[in-house]
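Step one of this worksheet: look at the structure below.
Keep in mind the model is a prediction, meaning the values are calculated, not measured.
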Amino acid sequence: MSLQVQMVPIYLFTTFLKNYTFREFGTVLSAKVFVDKARGVSKCFGFVSYDSPDAAQSAIKMTNGFQLDGKKLKVQLKRENKQNKPY
């Protein structure tokens, strides 16, 4: 189950997201903070995937709205990409 994480402070990268912020809620299968390749800085959003829906729901409950360096994290279930769905 994948989560979308928005309002990530600019200095946080994938390693921190995976190993510190979201690890306590369950087994993190993958995590990624998107980086602007031209400037080498965070785009302030990313995704975290868990091995179970319970872990994902727990992470949402505990981290959505959590204030980190003056920013409130917005954590929600990743929305399906409508382009991949047949009409």
Side-chain angles (χ1 to χ4, degrees):
M1 178 152 282
S2 294
L3 305 179
Q4 181 178 12
V5 184
Q6 298 174 335
M7 303 301 291
V8 175
I10 198 163
Y11 63 85
L12 292 184
F13 288 93
T14 298
T15 304
F16 188 87
L17 202 66
K18 181 177 182 179
N19 294 329
Y20 300 101
T21 309
F22 288 91
R23 181 177 66 179
E24 68 181 273
F25 306 108
T27 302
V28 176
L29 299 176
S30 65
K32 180 171 177 93
V33 173
F34 285 79
V35 175
D36 181 319
K37 291 179 183 178
R39 298 183 309 147
V41 297
S42 169
K43 290 186 176 183
C44 300
F45 77 94
F47 296 95
V48 177
S49 293
Y50 284 100
D51 66 342
S52 77
D54 290 338
Q57 288 298 332
S58 179
I60 291 170
K61 194 178 292 185
M62 297 301 291
T63 60
N64 187 42
F66 181 78
Q67 191 148 349
L68 194 57
D69 198 32
K71 288 185 162 189
K72 285 187 179 181
L73 292 179
K74 182 178 179 183
V75 183
Q76 61 191 16
L77 290 176
K78 180 182 172 190
R79 290 179 283 193
E80 292 294 323
N81 185 347
K82 294 180 181 180
Q83 292 177 347
N84 293 337
K85 292 185 176 183
Y87 290 97

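Here the side chain of T14 pairs a donor or acceptor atom with the backbone of V33 at under 3.5 angstrom. When atom types are taken as modelled, the side chain of D36 and the backbone of K43 share no donor-acceptor pair closer than 3.5 angstrom.
Residues I60 and V28 fall within the same hydrophobic cluster, defined by Ile, Leu, Val, Met, Phe, Trp and Tyr side chains chained together at heavy-atom separations under 4.5 Å. Cluster membership check: I10 does not share its hydrophobic cluster with Y20, using side-chain heavy-atom separations under 4.5 Å among Ile, Leu, Val, Met, Phe, Trp and Tyr. Put simply, L73 and F25 are part of the same group of oily side chains (I, L, V, M, F, W, Y) that touch within less than 4.5 Å, one to the next. Note on F45 and L17: separate hydrophobic clusters, where clusters join Ile, Leu, Val, Met, Phe, Trp and Tyr whose side-chain heavy atoms are under 4.5 Å apart, directly or indirectly.
Listed by chain and number, the residues in a salt bridge (Lys or Arg N to Asp or Glu O under 4.0 Å) with D69 amount to none (sequence neighbours excluded).
Screening V41, V8, V35 for a side-chain contact (heavy atoms from CB on, under 4.5 Å) with F13, the sole residue that qualifies is V35.
Residues L12 and L68 meet the side-chain proximity criterion, which asks for heavy atoms closer than 4.5 Å. Counting heavy atoms from C-beta on, the side chains of N64 and K74 come closer than 4.5 Å.
The two residues K71 and C44 make their nearest non-hydrogen contact at NZ-SG, 3.7 Å. Smallest separation of non-hydrogen atoms from S49 and S2: OG-OG, 2.7 Å. Pairing each heavy atom of A59 with each of T63, the nearest pair is O-OG1, 2.5 Å. The shortest non-hydrogen separation linking S52 to M1 is O-CB, 4.4 Å. Taking each heavy atom of L29 and K18 in turn, the nearest pair found is O-NZ, 4.4 Å.
Sorted by first then second residue, the ring pair (Phe, Tyr, Trp, His ring centres under 6.0 Å) pairs that include residues 46-69, not counting sequence neighbours, are F34-F47.
Once rounded to the nearest 0.5 Å, the distance linking CZ of F22 with CE of M62 reads 11.5 Å. Atom NZ in K78 sits 8.5 Å away from atom CD in Q4 (nearest 0.5 Å).
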